[in-house]
J.: 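I'd like to ask you about the structure that follows.
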Amino acid sequence: MEMGNLFSDVESDDKARILELRSLLKEYNRLYYVNNAPVVSDFEFDALMRELQELERQYPDMADNESPTQKVGSDITKGFRQINHRYPMLSLDNTYNEGEVMDFLNRVKSLLGDEPFELCCELKFDGLSISLIYNDGRLVQAITRGDGVKGDDVTDNVRRISSIPQKLEGNGWPSSFEIRGEILMPWTSFERLNMEREAQEETLFANPRNAASGTLKLQNPDIVGQRQLDSYLYYLLGDNLPCDGHYENMMTAKAWGFKVSGDMRKCSSITEVMEYIKYWDTERKNLPVATDGIVIKVNSLRQQEKLGLKAKSPRWAIASKFQAEKALTRVESISYQVGRTGAVTPVANLEPVQLSGTTVRRATLHNKDFMDNLDLHIGDMVWVEKGGEIIPKITAVDVSSRKTGADAKALFISVCPECGAELVRYQGEAAIYCPNSSGCPPQIKGRIEHFISRKAMDIDGLGPETVDLFYRKGLVRDFTDLYSLDSESISILDRMGDKSAENLMSTIADSKTVPFERVLFALGIRFVGEVVAKNLARAFKSLEALGKATYDELVSVDEIGDKIAKSVIEYFADFRNRTVIDRIYAIGLKTELSEEQLASGGDGVLSGKTIVISGVFTHHSREEYKEMIEANGGKNAGSISAKTSFVLAGDNMGPAKKEKAIQLGIPLMDETEFIKMLKKN
């Protein structure tokens, strides 16, 4: 082959690779920023980005302003107003080793002409970037990073985050300025949210960053408040800032009431920087929020301006990313779990391996597509990581270690492992389902467990083990059978006895007073969660009216989209569900709004008011007060903001909430005053 043709072939392959990488990275950005569903690790993404950068340097004729190397990944979402950033909101260059950190410092030194400089090291919090605008000491706007030029206006949602001040403390702040940081979901909130989603058989968030992003993009600020997001602020911008030093500015911002990490450090040598990185590579596991690296910044704002910006990142800062902890282990078998809705989830059973301080024995394989894409064989050695340090996940198969004559590729099962029904896949769904909802034991027991849960019928004294016992003994085949139980039949069962049986019968009887919206939630209609059930109940007033609702009538209700509307229609069209509903009427459960709820019609004494409940109460429980607020036209909120009408304050009210209420001038009302106000109405 002639040398000219050889170079031509290589160049053609390289240019094709450029186009391939651009397409791939754009899709990965979309999945990460928009869908909150990353499919590759940060390390893999950065490796592909570097490959693209190198190829684009080799072939300048392939330059393209739309290339991922030239643009920040975008999290812009339909449904929010877009606002232009006053200052571009760029991303950071990433590095994974000490040599690249040294290269960064040497570049800074060269560009500053040997002018002395200080560095500020800080934790790189793994959340959603936010820009907060303050005028005259008050929060006026909150904007996401978006595409770096413009972002989504999420001000109403950000006002529900208690660690972000609505009004500043102290004095000395500029009349107008911007402060940037990260919106985060703490580990405790993340674990609780995923447990709730798992119980509802909703897709789990991969990590706290995705959970925070998904939460902040919700259209309902009240749900945002309930999920207890947090924030850390890390950069001040504007005219007439207090200091030239970035570190000094952030310490001043801390005095104004902003949540600024106390772990920021000024460093003057590479040794100090490396010690900081090494310390936090281990210590970060003890933090209440997720971090994924260290950010190193030139401290002087004057020097930052002198160093300037590149297309999508500043020259005065770099992120030293932590390597995700991973381990190599063997897949011993694959088992399949059937959930309440019939979704079948494959799980890899692993040879036990230590990872992030715990022993990992199982890892989810998510769904059929994920399993197929891995090209997984039983007996394969696989790399396992802890997604967000919590959820074990298989990231890759070590194909090189696969032995000749190994087992064939693992194929997803075609029949239900519990009842033998042929599995189905619905159009547009990633999951595979068992359609035998009335005869598949895990689905039947799962629906009963959902029905008795605290936020549904709240039948105390029943748990998964007892439900399983009742099912095996033939006492219950669906949740309506609970109302046919008698204490004599259940007192003779293992772990029961007369007292337990009497208590259980009492709580089952009490559940007949549970309001309609919770009964609707308890039915377990796919995609109808607690909030959606409440909205449907208010809109249609009764189970009978809801069952007759058309698609157009359903989607006209707040928070109800195409997927939920179709699910509701399908539920009521199934004769087996109609049989269950007939039994619900016969039992005497609440199937319509109460007279008090209908009478209030949203025009009660609390109409238009937003109330926060805090503290311990004597006359009623917090849940009862929430119901009273809604029955009188009011709206419950989880956190105090400028939109809060008053706080229903009990004993031992949280000091942070009390302080915030006082700062914002929000009235506090005790329960005696509150009850008098409602009685007067």
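Keep in mind that what you see is a predicted model, and the values were worked out from it rather than measured.
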J.: Check E449 with K445, please: is the shortest side-chain N to carboxylate O separation under 4.0 Å?
T.: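 No.
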J.: Side chains of F646 and L606: closer than 4.5 Å at any heavy-atom pair?
T.: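 With C-beta onward as the side chain, the pair touches.
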J.: Got a sec, which residues hit side chain to side chain contact (heavy atoms under 4.5 Å, CB included) with T466, two or more places apart in sequence or on another chain?
T.: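 Checked T466 against side chain to side chain contact (heavy atoms under 4.5 Å, CB included); matches are L462, F470, M496.
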J.: Of the non-hydrogen atoms in D230 and P186, which two are nearest, and what is the gap between them?
T.: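 The answer is CB-CG, 4.0 Å.
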J.: Are K590 and V514 side-chain neighbours, meaning at least one heavy-atom pair lies under 4.5 Å?
T.: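 Sidechains of V514 and K590: no contact.
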J.: Kindly determine whether L593 and E517 satisfy side-chain contact (heavy atoms from CB on, under 4.5 Å), including the steps that lead there.
T.: CA-CA 8 Å; L593 294 181; E517 58 267 26; 4.0 Å; yes
J.: Using modelled atom types only, decide if a donor and an acceptor are shared between the side chain of R518 and the backbone of A456 within a distance under 3.5 Å.
T.: yes
J.: Might you point out which heavy atoms bring L554 and L546 nearest each other, and give the distance in Å?
T.: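 So the minimum-distance heavy-atom pair works out to CD2-CD1, 3.9 Å.
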J.: Just by distance, with hydrogens left out, do R145 and S129 show a side-chain donor and acceptor under 3.5 Å apart?
T.: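 Distance-only check passes for R145 and S129.
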J.: side-chain contact (heavy atoms from CB on, under 4.5 Å), that's the test. Do Q228 and T188 meet it? Break it down for me.
T.: CA-CA 10 Å; Q228 299 179 325; T188 52; over 6 Å; no
J.: A side-chain contact here means heavy atoms from C-beta on lying under 4.5 Å apart; do V519 and L543 qualify?
T.: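 Result no, sub-4.5 Å side-chain heavy-atom pair not found.
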J.: According to ring pair (Phe, Tyr, Trp, His ring centres under 6.0 Å), who are the partners of Y426, at least two apart in sequence or on a separate chain?
T.: Y433
J.: Taking only residues two or more places apart in sequence or in another chain, which ones pass salt bridge (charged side-chain N to carboxylate O under 4.0 Å, His left out) with D460?
T.: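 Residues passing salt bridge (charged side-chain N to carboxylate O under 4.0 Å, His left out) with D460: none at all.
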J.: Keeping N577 on the side-chain end and Y571 on the backbone end, is there a donor-acceptor pair under 3.5 Å?
T.: yes
J.: Just to verify, what does Y551 make a ring pair (Phe, Tyr, Trp, His ring centres under 6.0 Å) with, not counting sequence neighbours?
T.: none
J.: Enumerate the residue pairs fulfilling salt bridge (charged side-chain N to carboxylate O under 4.0 Å, His left out) with a member in residues 428-439, sequence neighbours excluded, ordered by first and then second residue.
T.: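 Only E429-R526 qualify under salt bridge (charged side-chain N to carboxylate O under 4.0 Å, His left out).
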J.: Between D562 and K566, does at least one N-O distance fall below 4.0 Å, as a salt bridge requires?
T.: yes
J.: For a quick test of reading the model, state the closest non-hydrogen atom pair linking S641 to R159 and the distance between them.
T.: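 Closest heavy-atom pair between S641 and R159: CB-O, 3.4 Å.
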J.: Can you tell if the side chain of I675 reaches within under 4.5 Å of the side chain of Y625, non-hydrogen atoms only?
T.: yes
J.: Determine yes or no for a side-chain-to-main-chain donor-acceptor pair under 3.5 angstrom, with N135 supplying the side chain and R138 the backbone.
T.: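 Checking the backbone N and O of R138 against the side chain of N135, no donor-acceptor pair under 3.5 Å is found.
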J.: Can you list everything that forms a ring pair (Phe, Tyr, Trp, His ring centres under 6.0 Å) with F479? Sequence neighbours excluded, please.
T.: F451
J.: Might you point out which heavy atoms bring P208 and W187 nearest each other, and give the distance in Å?
T.: CG-CZ3, 3.3 Å
J.: Say you draw a straight line from CE of M457 to CG of L523; how long is it, rounded to the nearest 0.5 Å?
T.: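 Here the rounded value is 9.0 Å.
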J.: Side-chain contact, heavy-atom cut-off 4.5 Å: I183 with V154?
T.: no
J.: With a 3.5 Å distance limit and no angle check, can you tell me whether T144 reaches the backbone of D152 through a side-chain donor-acceptor pair?
T.: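 Between the backbone of D152 and the side chain of T144 there is a qualifying donor-acceptor contact (under 3.5 Å).
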J.: Is it true that a side-chain atom of R209 and a backbone atom of L184 form a donor plus acceptor pair closer than 3.5 Å?
T.: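 No; judged by distance alone, with no hydrogens or angles, the pair does not exist.
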J.: Can you find a pair of side-chain heavy atoms, one from V647 and one from K658, that are under 4.5 Å apart?
T.: no
J.: Does NZ in K259 sit with more than 12 non-hydrogen atoms of other residues, nucleotides or ligands closer than 6.0 Å?
T.: yes
J.: Given Y585 and E544, is the side-chain contact (heavy atoms from CB on, under 4.5 Å) satisfied, shown in steps?
T.: CA-CA 10 Å; Y585 284 122; E544 182 181 7; 3.7 Å; yes
J.: Between C434 and E418, does a side-chain contact (heavy atoms from CB on, under 4.5 Å) hold up when you go through it step by step?
T.: CA-CA 9 Å; C434 168; E418 298 286 345; over 6 Å; no
J.: Tell me, do F674 and I613 make a side-chain contact under 4.5 Å, heavy atoms counted?
T.: no
J.: Counting only N and O atoms by type, is there a donor-acceptor contact under 3.5 Å from the side chain of E673 to the main-chain atoms of D670?
T.: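 At least one qualifying donor-acceptor pair exists.
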J.: Is there a donor-acceptor pair closer than 3.5 Å between any side-chain N or O of T507 and the backbone N or O of I459?
T.: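 Checking the backbone N and O of I459 against the side chain of T507, no donor-acceptor pair under 3.5 Å is found.
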J.: Please check if the side chain of S567 supplies one atom and the backbone of I564 the other of a donor-acceptor pair under 3.5 Å.
T.: no
J.: Restricting to non-hydrogen atoms, name the atom on F521 and the atom on K455 that form the minimum distance, rounded to 0.1 Å.
T.: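 The pair with the smallest heavy-atom distance is CD2-O, 3.5 Å.
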J.: So with a 6.0 Å cut-off around CZ of R454, is the heavy-atom count from everything else above 12?
T.: no
J.: Would a distance-only check, ignoring hydrogens and angles, find a side-chain to backbone donor-acceptor pair under 3.5 Å from R447 to S437?
T.: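 Yes; at least one donor-acceptor contact below 3.5 Å.
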J.: Regarding T480 and D478, do their side chains bring together a donor and an acceptor under 3.5 Å, going by distance alone?
T.: yes
J.: Could you check whether any side-chain N or O of T155 sits under 3.5 Å from a backbone N or O of A142, counting only pairs where one atom can act as donor and the other as acceptor?
T.: yes
J.: Before we go on, tell me: are the rings of Y134 and F258 under 6.0 Å apart, centre to centre?
T.: yes
J.: Considering all heavy atoms of both residues, which atom of P346 and which atom of Y336 are nearest to each other, and what is their separation?
T.: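 That would be CB-CE2, 3.6 Å.
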